[in-house]
Amino acid sequence: MRYSARVAGRVDGDHVLGVHVNALVTFPTGDPADMAALTDAERERLGRMQKFQDDGSAYMKLKGSRPNTLAQLVADSPAGQLGWIVEKYKEWVDQVHDLPEQAIDKDRMLANISVYWFTDTARSVANFYYERFHDAAMFAPKPKGTVPTGVAVFKDGDYAIRRFAEKVHNITHWSEFYSGGHFPALEVPELLVGDMREFFRTLT
């Protein structure tokens with residue numbers, strides 16, 4: 001949804017009041033001054049992003065290059081589908097927890113995974129990555145967005161750095177939380193909803 005929201009803001013900004021996202025991906029600008037100005041917290045965040053790219057992004061590369069191969073394997077086994085998704089819950093929730101069910105209710109996780117299984121959507125989910133990675137426009141330079149954008153950064157789920165985000169987006173609201181992971185709507189919904197409300201109050 002965060003990707004769709006940002007695209008809507010760029011494509012039809014005149015009709016979008018504002019965009020609120022979490023898990024915003026930002027990349028270093030290459031400007032030595034920007035790098036020198038990073039705080040210790042931002043350097044740590046950048047290091048986690050590098051670690052993810054080096055050791056945690058195989059799923060994305062596989063979906064982006066061989067989606068049908070993966071889909072056949074996952075769609076053929078409920079245990080495979082379960083393992084494929086639970087691994088991400090384990091790795092991406094707030095790492096203060098030893099097990100993902102300590103961060104997200106187990107029944108809620110199983111319900112979510114069941115939707116993938118019973119609707120046989122392994123292929124369409126994988127193909128989403130393939131289409132994005134093979135869309136030349138995705139990587140082409142774009143003008144800075146103009147729609148007011150609010151960003152929530154959660155402790156173990158986000159790598160966003162404001163000075164990089166501001167090069168690309170019209171950032172008008174920025175919050176950093178010291179709990180939560182990649183799934184704040186499931187882990188810390190009160191923090192996410194509260195931040196969304198705070199952001200959109202500034203626009204009304």
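Predicted model only: the values in this text are computed from it and were never measured. Along the sequence shown, the residues carry numbers beginning at 1.
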Asks: Establish whether Y89 and M60 are linked, either directly or via other cluster members, by ILVMFWY side-chain heavy-atom contacts under 4.5 Å.
Replies: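 Yes, because Y89 and M60 connect within a single hydrophobic cluster, where side-chain heavy atoms sit under 4.5 Å apart.
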
Asks: Could you pull out the closest heavy-atom pair between D76 and W117, with the gap in Å?
Replies: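 Residues D76 and W117, closest heavy atoms: C-CH2, 4.1 Å.
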
Asks: Which atom pair, heavy atoms only, marks the closest approach of T172 to P148?
Replies: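 Here T172 and P148 meet closest at OG1-CB, 3.8 Å.
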
Asks: Show the nearest heavy-atom pair for residues K90 and D98, with the distance to one decimal.
Replies: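 Nearest heavy atoms, K90 then D98: CE-O, 3.0 Å.
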
Asks: What's the verdict on side-chain contact (heavy atoms from CB on, under 4.5 Å) for L70 and K63, showing C-alpha distance, side-chain angles and the deciding distance?
Replies: CA-CA 7 Å; L70 172 66; K63 287 182 175 182; 3.5 Å; yes

Asks: Can R66 and K61 be said to form a side-chain contact (heavy atoms from CB on, under 4.5 Å), step by step?
Replies: CA-CA 8 Å; R66 298 294 184 273; K61 294 171 183 175; over 6 Å; no

Asks: Tell me the closest heavy-atom pair linking Q95 and K155, and the distance in Å.
Replies: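 Q95 and K155 have their closest heavy atoms at N-NZ, 4.3 Å.
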
Asks: If Ile, Leu, Val, Met, Phe, Trp and Tyr residues are connected whenever their side-chain heavy atoms lie under 4.5 Å apart, and connections chain through other members, are F199 and V21 in the same group?
Replies: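 Different clusters.
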
Asks: On a heavy-atom basis, which atom in A103 and which in H97 lie closest, and how many Å separate them?
Replies: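 It is CB-CD2, 3.4 Å.
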
Asks: How long is the span from the CZ atom in F177 to the CG atom in D195, to the nearest 0.5 Å?
Replies: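 It is 4.0 Å, given to the nearest 0.5 Å.
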
Asks: Check whether more than 12 heavy atoms from other residues, nucleotides or ligands sit under 6.0 Å from atom OH of Y129, and answer yes or no.
Replies: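 Counting other residues, nucleotides and ligands, OH of Y129 exceeds 12 neighbours.
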
Asks: To the nearest 0.5 Å, how far apart are CD1 in I113 and CG in L82?
Replies: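 The CD1 atom of I113 sits 5.0 Å away from the CG atom of L82.
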
Asks: Rounded to the nearest 0.5 Å, what separation is found between the CD atom of E91 and the OH atom of Y59?
Replies: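 One finds 9.5 Å between CD of E91 and OH of Y59.
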
Asks: When rounded to the nearest 0.5 angstrom, what is the spacing between CG in L24 and CD1 in I171?
Replies: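 The CD1 atom of I171 is 6.5 Å from CG of L24, to the nearest 0.5 Å.
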
Asks: For D54, does the CG atom sit with more than 12 other heavy atoms under 6.0 Å from it, leaving out its own atoms?
Replies: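 Yes.
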
Asks: Are F164 and L38 side-chain neighbours, meaning at least one heavy-atom pair lies under 4.5 Å?
Replies: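 Heavy-atom side-chain distance check passes, below 4.5 Å.
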
Asks: Kindly say whether E42 contributes a backbone atom to a donor-acceptor pair with the side chain of T39 at under 3.5 angstrom?
Replies: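 Pair found, side chain donor or acceptor close to backbone of E42.
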
Asks: Look at atom OH of Y116 and say whether more than 12 heavy atoms of other residues, nucleotides or ligands are closer to it than 6.0 Å.
Replies: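 No, because the 6.0 Å sphere around OH of Y116 holds 12 heavy atoms or fewer from other groups.
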
Asks: Distance-only, no hydrogens or angles: does the H169 side chain make a donor-acceptor pair with backbone N or O of A165 under 3.5 Å?
Replies: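 The answer is no, because no donor-acceptor pair under 3.5 Å joins these two groups.
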
Asks: Do the side chains of F133 and Y130 join up, straight or via other hydrophobic residues, at under 4.5 Å, putting them in one cluster?
Replies: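 Different hydrophobic clusters.
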
Asks: Once you round to the nearest 0.5 Å, how far does CG of L186 lie from CG of N112?
Replies: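 Separation between the atoms: 7.0 Å.
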
Asks: Would you find more than 12 non-hydrogen atoms of other residues, nucleotides or ligands less than 6.0 Å from R43 atom CZ?
Replies: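 Atom CZ in R43 is crowded, with more than 12 foreign heavy atoms closer than 6.0 Å.
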
Asks: In terms of relative ring orientation, are Y159 and F52 parallel, tilted or perpendicular, with 30° and 60° separating the classes?
Replies: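 Ring orientation, 0 to 90° scale: tilted.
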
Asks: Indicate yes or no for a side-chain donor-acceptor contact from D94 to the backbone of G180 under 3.5 Å, with no hydrogens or angles considered.
Replies: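 Side chain of D94 to backbone of G180: a pair is present.
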
Asks: Check whether N170 reaches the backbone of T146 with its side chain - one donor and one acceptor, N or O, closer than 3.5 Å.
Replies: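 Flag set: sc N170 to bb T146 pair under 3.5 Å.
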
Asks: Using a cut-off of 6.0 Å, state whether more than 12 heavy atoms not belonging to H15 lie near its atom NE2.
Replies: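 Atom NE2 in H15 is not crowded, with 12 or fewer foreign heavy atoms closer than 6.0 Å.
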
Asks: Do N127 and E131 pair up side chain to side chain, a donor and an acceptor below 3.5 Å, judged on atom types alone?
Replies: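 Side-chain D/A pair, N127 to E131: present.
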
Asks: Okay, side chain of T26, backbone of I161: is any donor-acceptor separation there less than 3.5 Å?
Replies: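 Yes, because the side chain of T26 sits within donor-acceptor range (under 3.5 Å) of the backbone of I161.
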
Asks: Please work out which of the three classes, parallel, tilted or perpendicular, describes the rings of H20 and F200, given edges at 30° and 60°.
Replies: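 Aromatic pair F200/H20 classed tilted.
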
Asks: Does atom CZ of R108 have more than 12 heavy-atom neighbours from other groups under 6.0 Å away?
Replies: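 For R108, atom CZ is not crowded (no more than 12 foreign heavy atoms under 6.0 Å).
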
Asks: Flag yes if more than 12 heavy atoms outside K51 fall under 6.0 Å of its NZ atom; otherwise flag no.
Replies: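 Check fails, neighbour count at 12 or below.
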
Asks: Between E176 and R45, is there a salt bridge with N-O shorter than 4.0 Å?
Replies: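 E176 and R45: salt-bridged.
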
Asks: Do the non-hydrogen side-chain atoms of M35 and L46 ever get within less than 4.5 Å of each other?
Replies: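 They are in side-chain contact.
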
Asks: Give a yes or no on whether L192 and W174 share a hydrophobic cluster (residues Ile, Leu, Val, Met, Phe, Trp, Tyr; joining criterion: side-chain heavy atoms under 4.5 Å apart).
Replies: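 Unlinked, L192 and W174 end up in two clusters.
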
Asks: So, taking the atom named NE2 in H182 and the one named CD in E187, what distance separates them when rounded to the nearest 0.5 Å?
Replies: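 Separation between the atoms: 9.5 Å.
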
Asks: Does M49 form a side-chain contact (heavy atoms from CB on, under 4.5 Å) with V25? I'd like the steps, not just the answer.
Replies: CA-CA 9 Å; M49 181 179 179; V25 178; 4.0 Å; yes

Asks: What heavy-atom pair brings D34 and K167 nearest, and what distance separates the two atoms?
Replies: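 What the structure gives for the nearest pair is OD2-CE, 3.4 Å.
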
Asks: In sequence, state the C-alpha distance, the side-chain angles, and the governing distance for Q81 and I85, and then conclude on side-chain contact (heavy atoms from CB on, under 4.5 Å).
Replies: CA-CA 6 Å; Q81 180 74 83; I85 296 180; 3.4 Å; yes

Asks: Count I, L, V, M, F, W, Y as connected when their side-chain heavy atoms are under 4.5 Å apart, and connections chain through other members. Are M109 and F183 then in the same cluster?
Replies: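 They do share one cluster, since a chain of ILVMFWY contacts under 4.5 Å joins M109 to F183.
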
Asks: For A23, is there any backbone N or O sitting under 3.5 Å from a side-chain donor or acceptor partner on D158?
Replies: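 Yes, D158 side chain to A23 backbone: donor-acceptor pair under 3.5 Å.
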
